Protein chains: 2
Amino acid sequence: MRDVAAASGVSQATVSFVLNDAPGQTIPAATRDRVRRAAAELGYRPHSIARALREGASRIVVLEAGGLPRGHNLSSFIAGLDEELGAAGFGLLVAYGEGVSAQAAITAIEPRAVIDLPAVYAGPDRDVADGGWIDGMVAHRLVQLRHLMERGHRAIAVAVPADDDPFLALMAGQVRDAAGELGLPSPLPLVVDGDPEKPAGLLKAGVTAVAALTDDLALSVLAALADTGLSAPGDLAVIGFDDTPHGALWRPALTTVRLDARAYGRRTARTLLGLPIGDARPAPARVISRASA
Amino acid sequence: MRDVAAASGVSQATVSFVLNDAPGQTIPAATRDRVRRAAAELGYRPHSIARALREGASRIVVLEAGGLPRGHNLSSFIAGLDEELGAAGFGLLVAYGEGVSAQAAITAIEPRAVIDLPAVYAGPDRDVADGGWIDGMVAHRLVQLRHLMERGHRAIAVAVPADDDPFLALMAGQVRDAAGELGLPSPLPLVVDGDPEKPAGLLKAGVTAVAALTDDLALSVLAALADTGLSAPGDLAVIGFDDTPHGALWRPALTTVRLDARAYGRRTARTLLGLPIGDARPAPARVISRASA
DNA sequence: TTGTAAGCGTTATCAG
DNA sequence: CTGATAACGCTTACAA
């Protein structure tokens, strides 16, 4: 920066003003040009550590994605964040809960903000941080259930995990709400705990289809079905939610729903940066119709 | 830090010396104690940004895991890195190639080192950076092939991807080497490109088993088998490599091999930190014997 | 054995 | 409109 200042015959302060488009400064176009040109020629790159020291926080935001299902929906949310944050000159770091040293790294970074999606889901002030993702969730579950209804199913169970993850519990509630909105009877829970007899038991109760909270849960159900000589969708239709890459590899290939979480990611980023939401309008959820339902 | 200095009646420099066990400084135990106690009482936490500015690099190392298969082996490698780096006060960041803003974040961090595993595999000076992981690879492939041999297979194909990832190409070479060491004929390549007829064609060529470069490739083979009315291991035995969580969900459940990559992670970290390798001795690879082979 | 002071590269305040 | 200058929190010669 000192070199740029020298090369363009101004002070470091002026360089800073120009390069950051500092508001409330009135610098002649000629000077600005000279500074910018010099910066470009010298290959000036702001030193982010120094900037972070000065600003009290780095221009990095962290997304804690610890317990989240890792499918297309998350990737897509991340892509959205990436886009907007990148455009604003911010960096994005995704933490998948790798371990202590990862936590150490994150605190060392002094991020500008951290988006803790799992925590957000638990708390009440959600829409602030997730760009409305959650609030749209019931609508997305509608898409999932509707696909089943269109195929003649009304007795639908919902596959939930054995452990009680708060995030997944919230999802379960959304499925119930969606079922209510569609005038469906409240869905029976199918607790996925490795017992291959569970789905067969459901059949006896008259259930004809299962909507899973996540693709992985759906896959577990398919596995249990296969283990007991049953098959999807003949004996039981199964639909997932997340579009993980390995859902497509299964046989029968998993039917699932894919969200346009990218728009939510963009909205999250924009609110985080204090920008207007803009045009990031999420497309409706889409059923990826494969073989299992 | 100023407060700690004041509280213990010494200068900031002394505080720094004590807290970092600066070599070549001879500070009486009494003083050291006072300083440490004060630091603890005041809850002093070194400011990593300031430190990074001063040192020219943060105490963070980045692992670029972009194109790598994401199964147990990678997680285990990461766990090993995590352990050693954490113990040395370093942070670890894993970059899964999320996008531009992630790259921006990484450069903004000025990491002490970056371990670019994919690049390492391509380059010649590998054992420097991966703790000998690669060099042990042939031995691990031996385990994979031996499992097949023990079940009477000698005509073995290797499932490789359609695109030519340099990392996977390297793996393919290791399988060939392992086959040679076992006195097996050079394995035919099974190019996994979504064509479900490929495995059936292999059968005609007399092949009875497939060793896949990764679990995902193995799963694709299983899917192709299912699509053509064949099954594993009856028609074709299939063994994966990586122990991904969804391999266990498939039916037939995928037999695969799991590495003790944790030890390699630890070794990588230690060489990176300039420490002696120590006791991190990798256990031999283990076959996770499920249904597919 | 301890303290002083320079400096890491920015940004922001305040005079000119 | 522009330029000194003072922080930000830490490390490390060098002095005492």
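Labels below follow one simple rule: chain letters A, B, ... track the order of the sequence lines, proteins then strands, and each chain is numbered from 1. Remember, it's a predicted structure, so these values are computed and weren't measured experimentally.
Checked against C:dT10, D:dA4, D:dA13, the side chain of A:A13 finds its nearest nucleotide in D:dA4. Of all nucleotides listed (C:dT2, D:dC10, C:dT10), C:dT2 comes nearest to the side chain of B:T31. Taking only side-chain atoms of B:H47, from C-beta outward, the nucleotide of D:dC10, C:dT11, C:dG9 with the closest atom is D:dC10.
What separates CD of B:E55 from P of D:dG9 is a distance of 17 Å, to the nearest Å. In this structure, CG of A:L42 is placed 15 Å from P of C:dG9, rounded to the nearest angstrom. The CD atom of B:Q12 sits 14 Å away from the C1' atom of D:dA7 (whole-angstrom rounding). If you measure from atom CD1 of A:I27 to atom C1' of C:dA12, you get 13 Å, rounded to the nearest angstrom. Remark: P of D:dC10 and CG of B:L53 are 12 Å apart, rounded to the nearest angstrom. Here the P atom of nucleotide C:dT2 and the CG atom of B:L19 are 15 Å apart, to the nearest Å. D:dT5 atom C1' lies 14 Å from atom CE of A:M1, rounded to whole Å. The distance between atom CZ of B:F17 and atom P of D:dC10, rounded to the nearest whole Å, is 15 Å.
For the OP1/OP2 pair of C:dG3 and a distance below 4.0 Å, the side-chain nitrogens and oxygens of B:T14 include at least one atom meeting the criterion. Taking side-chain N and O atoms only, B:S16 has a distance below 4.0 Å to OP1 or OP2 of D:dT11. Regarding contacts with the backbone of C:dT2, every side-chain N or O of B:S11 stays at 4.0 angstrom or more from both OP1 and OP2.
Screening A:T214, A:N73, A:L213 for a side-chain contact (heavy atoms from CB on, under 4.5 Å) with A:F241, the sole residue that qualifies is A:N73.
The residue B:G24 sits apart from the nucleic acid: no heavy atom pair falls under 4.0 Å. Within the 4.0 angstrom heavy-atom criterion, only backbone atoms of the sugar-phosphate kind lie near A:R45; the bases stay farther away.
When side chains are defined from C-beta on, A:L19 counts as touching A:R36, because their heavy atoms get closer than 4.5 Å.
Of the residues near DNA chain D, B:R51 and B:Q25, the one whose nearest nucleotide (by heavy atom distance) lies more toward the 5' end is B:R51.
The closest donor-acceptor contact from the side chain of A:D82 to the backbone of B:S101 lies under 3.5 Å. No donor-acceptor distance shorter than 3.5 angstrom exists from the side chain of B:D215 to the backbone of B:G247, with no hydrogens or angles considered.
With B:F90 as the aromatic partner, B:R112 does not meet the cation-pi criteria of under 6.0 angstrom to the ring centre and within 45 degrees of the ring axis.
A donor-acceptor contact under 3.5 Å is not formed by the side chain of A:R54 with the base of C:dT10.
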